[in-house]
Amino acid sequence: MMLSCRQATELMSQEQDRPLTISERVALRLHVWICAGCTNYRRQMGVLRAACRRFGSGGTP
Amino acid sequence: MRSMELDRQAELNALRPDLLRFARLQLRDAAAAEDAVQETLLAALTGSYRFESRSSYKTWLIAILRNKIIDIIRGQSREVAATSLADDEAGDDLLAETLFDQRGHWQAAAQPGRWADPDASFEQQQFWRVFEACLDHLPEKTARVFMMREVLGFETDEICKEAGISSSNCWVVLHRARLGLRTCLETKWFAGAGTEGQR
């Protein structure tokens, strides 16, 4: 299964809400490996989560 | 004794706008937000805690406020019906079309760039203004589901139940929110004037 970037972004969101299946994980890893845009997107998902946690705990300056 | 109480009053008043903005973003209901903040301030005034610094005081207040907001959300009827979420969809599909081409690849101009030093951004007040504006910019019901998940820390199962939607629908809504929020942050902050962001 070859993912499009659009599908990859869906999985990069869902991996924060549920465990991905093995085949989803493999497909996502392959896609991110060759796609700079999605590599950045995945890091950004981590930044969003960190920002929301900080915002929600009153840790903003 | 008296003057310590006055200090505390002044401190609370200074933080009130922050608390109110926080509650409004989560609840999107000015009256409910006002109530939550009032209750929080009342709880804070009647408590006997002492704080070393203003930042720990704010953290403490936000923690009380969060619990009030969670109570309010849990007490509400399931008003985020699937139909009202559908209203949010049209705009979101439009966003996806500007980001991806027919085959589902990033449009050249929309390819996500590298976000330079997010931790440094987190230390800037201006970043959080932009962050709040971007949250506020999300479609209402979408934002609500997203903030329940990411800011208030609900498990996805409970959100689905509260919102009266299926898990897969819930994931779709959360995905749209993340896509929208990161696109807003990229445009309004990381790609431009906010920092000396390199791409």
Side-chain angles (χ1 to χ4, degrees), chain A, chain B residues 15 18-19 22 25-26 55-63 65-66 96 99-101 103-106 110-115 118-119 121-125 127-128 131-132 135 146-147 149-153 155-156 159 167-168 170-172 174-179 181-182 185-186 190 199:
Chain A
M1 175 173 65
M2 199 58 210
L3 295 175
S4 68
C5 299
R6 193 170 178 164
Q7 292 167 321
T9 59
E10 286 166 17
L11 289 182
M12 288 187 277
S13 175
Q14 288 182 28
E15 70 180 337
Q16 307 201 49
D17 301 315
R18 67 172 175 92
L20 298 185
T21 64
I22 299 222
S23 64
E24 285 170 334
R25 286 215 307 271
V26 170
L28 183 58
R29 183 172 295 187
L30 283 176
H31 180 93
V32 170
W33 179 259
I34 57 160
C35 178
C38 287
T39 301
N40 286 328
Y41 189 90
R42 199 180 206 176
R43 289 202 193 105
Q44 292 168 6
M45 291 297 100
V47 175
L48 282 192
R49 175 151 281 184
C52 287
R53 294 260 157 94
R54 183 140 174 188
F55 182 67
S57 64
T60 60
Chain B
L15 286 167
D18 286 352
L19 299 180
F22 184 85
L25 267 172
Q26 312 298 315
S55 73
S56 66
Y57 198 40
K58 180 177 167 189
T59 306
W60 179 66
L61 286 172
I62 290 277
L65 180 58
R66 258 175 65 151
L99 295 177
F100 301 106
D101 66 19
R103 284 155 53 239
H105 295 304
W106 294 107
Q111 170 126 330
R114 215 173 69 79
W115 286 0
D119 287 334
S121 294
F122 288 0
E123 300 306 325
Q124 296 178 49
Q125 254 176 7
F127 169 79
W128 295 104
F131 182 76
E132 285 177 27
L135 282 175
F146 177 74
M147 282 191 268
R149 175 80 184 114
E150 296 292 340
V151 178
L152 300 173
E155 285 304 321
T156 315
I159 300 171
S167 309
S168 59
C170 213
W171 294 326
V172 171
L174 288 166
H175 164 56
R176 285 205 208 109
R178 291 178 179 123
L179 189 63
L181 185 57
R182 68 125 317 256
L185 285 176
E186 169 131 325
F190 287 103
R199 306 213 54 190

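Chain A is the first sequence line, chain B the second, and so forth, proteins listed ahead of strands; every chain is numbered from 1.
- Of the inter-residue distances, the one linking A:Met12 atom CE with B:Arg178 atom CZ reads 11.5 Å to the nearest 0.5 angstrom.
- Remark: the backbone N or O of B:Gly113 is paired with a side-chain donor or acceptor of A:Gln44 at under 3.5 angstrom.
- A perpendicular orientation is assigned to the rings of B:Phe131 and A:Phe55, their planes being inclined by more than 60° (bins at 30° and 60°).
- Note that CZ of B:Arg66 and OG of A:Ser57 are 7.0 Å apart. Values are rounded to the nearest 0.5 Å.
- Using a 4.5 Å cut-off between heavy atoms, B:Arg182 contacts chain A through both its backbone and its side chain.
- Looking at B:Leu185, only its side chain comes within 4.5 Å of chain A, counting heavy atoms on both sides.
- For chain B, the nearby part of A:Met45 is the side chain; its heavy atoms alone come within less than 4.5 Å.
- For B:Leu19, no part sits under 4.5 Å from any heavy atom of chain A, backbone or side chain.
- For the atom pair OG1 (A:Thr9) and CG (B:Leu99), the distance works out to 8.5 Å, reported to the nearest 0.5 Å.
- In terms of heavy-atom pairs under 4.5 Å with chain A, the best-connected choice from B:His105, B:Gln26, B:Met147 is B:His105.
- For B:Leu65, no part lies under 4.5 angstrom from a heavy atom of chain A.
- Contact of A:Arg49 with chain B is made through backbone and side chain together, with heavy-atom distances under 4.5 Å.
- Neither the backbone nor the side chain of A:Ala8 comes within contact range of chain B; no heavy atoms are under 4.5 Å apart.
- Remark: side-chain polar atoms of A:Asn40 are paired, donor with acceptor, to backbone N or O of B:Pro112 under 3.5 angstrom.
- Once rounded to the nearest 0.5 Å, the distance linking OG1 of A:Thr60 with NZ of B:Lys58 reads 3.0 Å.
- The part of B:Trp128 that comes within reach of chain A is its side chain, from C-beta onward, which places non-hydrogen atoms under 4.5 angstrom from that chain.
- Interface remark: B:Leu152 contributes no atoms to any contact with chain A (heavy atom separation under 4.5 Å).
- The CH2 atom of B:Trp171 lies 5.0 Å from the CZ atom of A:Arg18; values are rounded to the nearest 0.5 Å.
- Neither the backbone nor the side chain of B:Glu155 has a heavy atom closer than 4.5 Å to any heavy atom of chain A.
- Here the side chains of A:Tyr41 and B:Leu179 are in contact, with some heavy-atom distance below 4.5 Å.
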